[in-house]
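Since the structure comes first, as structure tokens, the remarks are kept for the end.
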Amino acid sequence: MAAVKVTVGQAHDAVLFVTARTRGDSRLDDRDELPDPSLAALVAAVPEGVGTLWLDGGEPTLRPDLPALLAALEGRVGSLGLVTDGRLLARERTAHRLAALGVAAVRLRVHTARPDAQDWLTGQSKALAAALMATACCRKAGIEVQWQATVTRPTQAHLAEWVQLARRREVGAVRLVRLTARGAAASQQVAVMPRLGLMGPDLDEALAFAERVGLAITLHGIPACTSRRASAFLGTSERVLLPREGAWAFAGPRFGPVPQDAGCDRCSLHEACPGIGRDYVRRFGRDEIDTASDRRRRPGVTHTPLAGGEVEPPPRAGRTPPVRLGYVRACAALPSLGGDPLSALVPGPVPDRIRAGWSPDESTREVRRRLVRLAQERPQELWVEGEHLLAHPEAADLIRETTRLSIPRVVLVTECAALAGFTSRQLRRLQKLAEVRALVWGPDVAHHDAHVGTPGALDAALAGLAELHARHPRILLGWSARSPFSAELTQRLEQTLPGAHMHHAPPHAPAAPVSAREEDARVVR
């Protein structure tokens with residue numbers, strides 16, 4: 001059941017938000033309060049070609065004119081559905097009346113099989129009891145019943161028992177929805193939003209049970225890489241409709257789909273998978289998404305227990321530390337890790353060379369974190385590349401950090417005008433570099449200075465390199481040029497630094513990386 005794109009003119013299901021009013025002090029992603037839109041605005045928001053139209057909110061049953069709205073919409077769509085907490089439908093008379101008004105299906109917000117957790121999440125007392133009574137009443141009234149659960153951190157471990165309860169109550173279909181950072185959930189994101197890396201085993205258990213008993217279950221907003229089974233249960237998309245009236249005309253960010261984070265385009269399921277919301281990535285990062293390959297394990301791996309003494313850990317070899325519960329469980333089943341915490345993963349080749357860089361405004365903490373991550377790949381060479389590396393206020397200290405990473409050879413490739421302003425102490429921090437390649441643009445001095453944007457930039461670079469050579473003659477010096485030098489410039493460079501190497505096809509000078517995952521793509525095999 002892969003996600004589909006909605007095409008104008010094609011019959012499709014849609015969700016119409018009819019109110020922002022809520023019942024209780026919810027801890028979920030309920031929307032902000034807005035005045036109820038008029039009936040005319042709601043009817044005008046529904047286009048032709050809608051199959052099932054779901055009235056959502058907020059809590060739709062809080063609208064006193066709900067019967068009039070249902071009457072106005074009947075006949076304009078294929079069928080009508082209601083997304084509700086079920087409290088108003090917990091009476092047979094009300095359920096029968098809704099059926100008579102054209103409601104063919106309801107989605108009851110039942111988030112867990114545990115009464116205390118349901119009450120805590122919804123801010124209502126006896127919320128689960130009311131939803132269970134509504135389930136029975138709607139079934140007697142001939143209304144199709146679905147359950148919809150927003151998966152949260154405190155309830156994810158109990159997904160299987162929730163599916164079992166739905167099966168016992170003879171629910172027609174169930175939906176699991178990702179919690180978004182909206183409403184109350186935005187201020188309690190860490191407390192209530194489940195981590196994808198921990199959800200996998202619990203989600204697999206729930207999906208396996210639903211499949212075994214024949215209960216239709218779909219996932220909405222939950223990426224396919226969350227668990228081994230998830231890709232087979234991705235739900236279809238529904239068009240979101242909003243009235244174009246007053247503040248509702250600008251309510252798209254609060255009610256519409258959550259913007260998706262870029263970065264999943266390398267995945268083979270990219271077209272069908274909903275990806276992950278930007279709200280999740282901003283708070284927790286992408287490691288849990290990008291390490292879906294943690295599932296590629298070596299079965300039955302065993303190691304001889306380590307002897308005593310100092311042992312150097314093996315290279316990462318392209319492997320990522322465990323951030324998924326399934327991987328941790330696999331490691332726990334091994335008799336020994338043999339000193340390699342990633343021993344259950346299939347290693348890749350150890351790179352000969354890795355490139356890194358930073359931007360002038362990047363925090364030193366983030367740069368150091370990335371450098372340590374790259375050093376764990378155990379390359380033979382680290383190339384620190386970037387036009388503006390030396391513009392960082394802590395550039396000298398960061399360069400010294402690169403030479404302390406147990407990488408045999410570190411090469412610095414950058415525009416070197418800033419070297420002229422380095423103090424003796426700063427130049428001393430560069431002494432363990434194996435090589436420095438100065439970036440030079442254009443065939444002559446004028447072209448270079450124009451590119452850098454500073455008059456005298458090349459003169460400053462030459463002066464700084466000459467001082468560096470005088471203090472640390474063991475460092476190899478060279479020039480990385482984007483085009484051949486003029487005879488005049490070549491003569492000047494040779495006079496200033498005799499023996500410096502010329503490199504007319506320089507490596508790409510990367511912009512500052514945004515994540516360790518981006519650095520992985522720069523590994524030179």
Side-chain angles (χ1 to χ4, degrees), residues 351-360 379-392 395-396 398-399 402-403 407-422 426-427 429-513 518-519 521-525:
D352 295 326
R353 178 187 299 169
I354 283 181
R355 298 187 174 106
W358 55 76
S359 62
Q380 293 300 304
E381 284 189 342
L382 172 63
W383 282 48
V384 186
E385 297 181 331
E387 180 180 352
H388 305 293
L389 295 177
L390 300 184
H392 195 286
L398 290 176
I399 293 172
T402 66
T403 63
I407 298 177
R409 196 166 188 271
V410 179
V411 179
L412 178 66
V413 183
T414 188
E415 198 279 313
C416 292
L419 281 179
F422 272 31
Q426 289 175 312
L427 289 173
R429 277 157 166 65
L430 278 56
Q431 61 182 327
K432 292 187 178 181
L433 287 172
E435 184 176 352
V436 174
R437 293 189 180 186
L439 292 174
V440 179
W441 282 270
D444 51 38
V445 175
H447 279 86
H448 175 85
D449 290 355
H451 177 89
V452 176
T454 303
L458 186 57
D459 290 338
L462 292 174
L465 289 168
E467 181 66 19
L468 179 66
H469 180 68
R471 291 177 179 273
H472 310 297
R474 58 170 293 277
I475 300 177
L476 296 178
L477 300 180
W479 313 100
S480 282
R482 295 198 177 276
S483 60
F485 297 150
S486 65
E488 180 182 355
L489 180 57
T490 301
Q491 182 180 6
R492 183 175 180 185
L493 295 179
E494 290 177 347
Q495 289 174 350
T496 306
L497 292 174
H501 296 281
M502 301 289 184
H503 305 278
H504 288 294
H508 171 62
E518 184 175 332
E519 281 292 349
R522 295 182 184 164
V523 173
V524 179
R525 301 296 182 186

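Model, not experiment: these values are computed from the prediction. Below, all heavy atoms of this structure are taken into account, side chains as well, without hydrogens, waters or symmetry copies.
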* Asked: Looking at Thr402, Leu382, Ile354, which hits side-chain contact (heavy atoms from CB on, under 4.5 Å) with Ile407?
  -> Leu382
* Can you see which heavy atom on Val452 is nearest to which on Glu415, and at what distance? => CG2-CG, 3.9 Å
* To do: Identify the residue among Leu412, Val411, Val384 that makes a side-chain contact (heavy atoms from CB on, under 4.5 Å) with Leu433.
  => Leu412
* Could you tell me which residues satisfy side-chain contact (heavy atoms from CB on, under 4.5 Å) with Pro455, sequence neighbours excluded, listed by chain and number? => none
* To do: Could I get the full list of side-chain contact (heavy atoms from CB on, under 4.5 Å) partners for Ala396, not counting sequence neighbours?
  => Phe422, Gln426, Arg429, Leu430
* How far apart are the closest heavy atoms of Ala420 and Ala460, and which atoms are they? -> CB-O, 3.4 Å
* Asked: So with a 6.0 Å cut-off around NE2 of His447, is the heavy-atom count from everything else above 12?
  -> no
* Structure fact -> Correct closest heavy-atom pair for Trp358 and Leu389 would be NE1-O, 3.1 Å
* Structure fact -> Applied to residues 457-479, the salt bridge (charged side-chain N to carboxylate O under 4.0 Å, His left out) test, sequence neighbours excluded, yields Asp459-Arg492, Glu467-Arg471
* Partners passing ring-ring contact (aromatic ring centres under 6.0 Å, His included) against His451 (at least two apart in sequence or in another chain) -> Trp441
* Over all atoms of both residues, closest heavy-atom pair of His388 and Thr414 -> N-OG1, 4.3 Å
* Report the residues that fulfil side-chain contact (heavy atoms from CB on, under 4.5 Å) with His469, sequence neighbours left out, ordered by chain and then residue number. => Pro473, Leu477, Leu497
* Asked: Is the backbone N or O of Trp383 less than 3.5 Å from a side-chain atom of Glu381, with the two atoms forming a donor-acceptor pair by type?
  -> no
* To do: List the steps and the verdict of salt bridge (charged side-chain N to carboxylate O under 4.0 Å, His left out) for Arg409 and Glu435.
  => CA-CA 8 Å; Arg409 196 166 188 271; Glu435 184 176 352; 2.9 Å; yes
* **Polar side-chain atom of Ser480 near backbone of Leu439 as donor-acceptor pair, under 3.5 Å** => no
* Asked: Which heavy-atom pair separates Gln380 from Pro408 by the least distance, and what is that distance?
  -> O-CD, 3.5 Å
* Structure fact -> Cys416 and Val436 have their tightest heavy-atom pair at SG-CG1, 4.2 Å
* Determine yes or no for a side-chain-to-main-chain donor-acceptor pair under 3.5 angstrom, with Asp444 supplying the side chain and Leu489 the backbone. => no
* Asked: Which residues pass the side-chain contact (heavy atoms from CB on, under 4.5 Å) test with Glu488, sequence neighbours left out?
  -> Ser486
* To do: Supply the atom-to-atom distance Leu468 CG to Leu419 CG, rounded to the nearest 0.5 angstrom.
  => 6.0 Å
* Run the numbers on Trp479 and Leu465 for side-chain contact (heavy atoms from CB on, under 4.5 Å), then give the verdict. => CA-CA 11 Å; Trp479 313 100; Leu465 289 168; 3.5 Å; yes
* Asked: How long is the gap from CD on Gln431 to NE2 on His472, to the nearest 0.5 Å?
  -> 5.0 Å
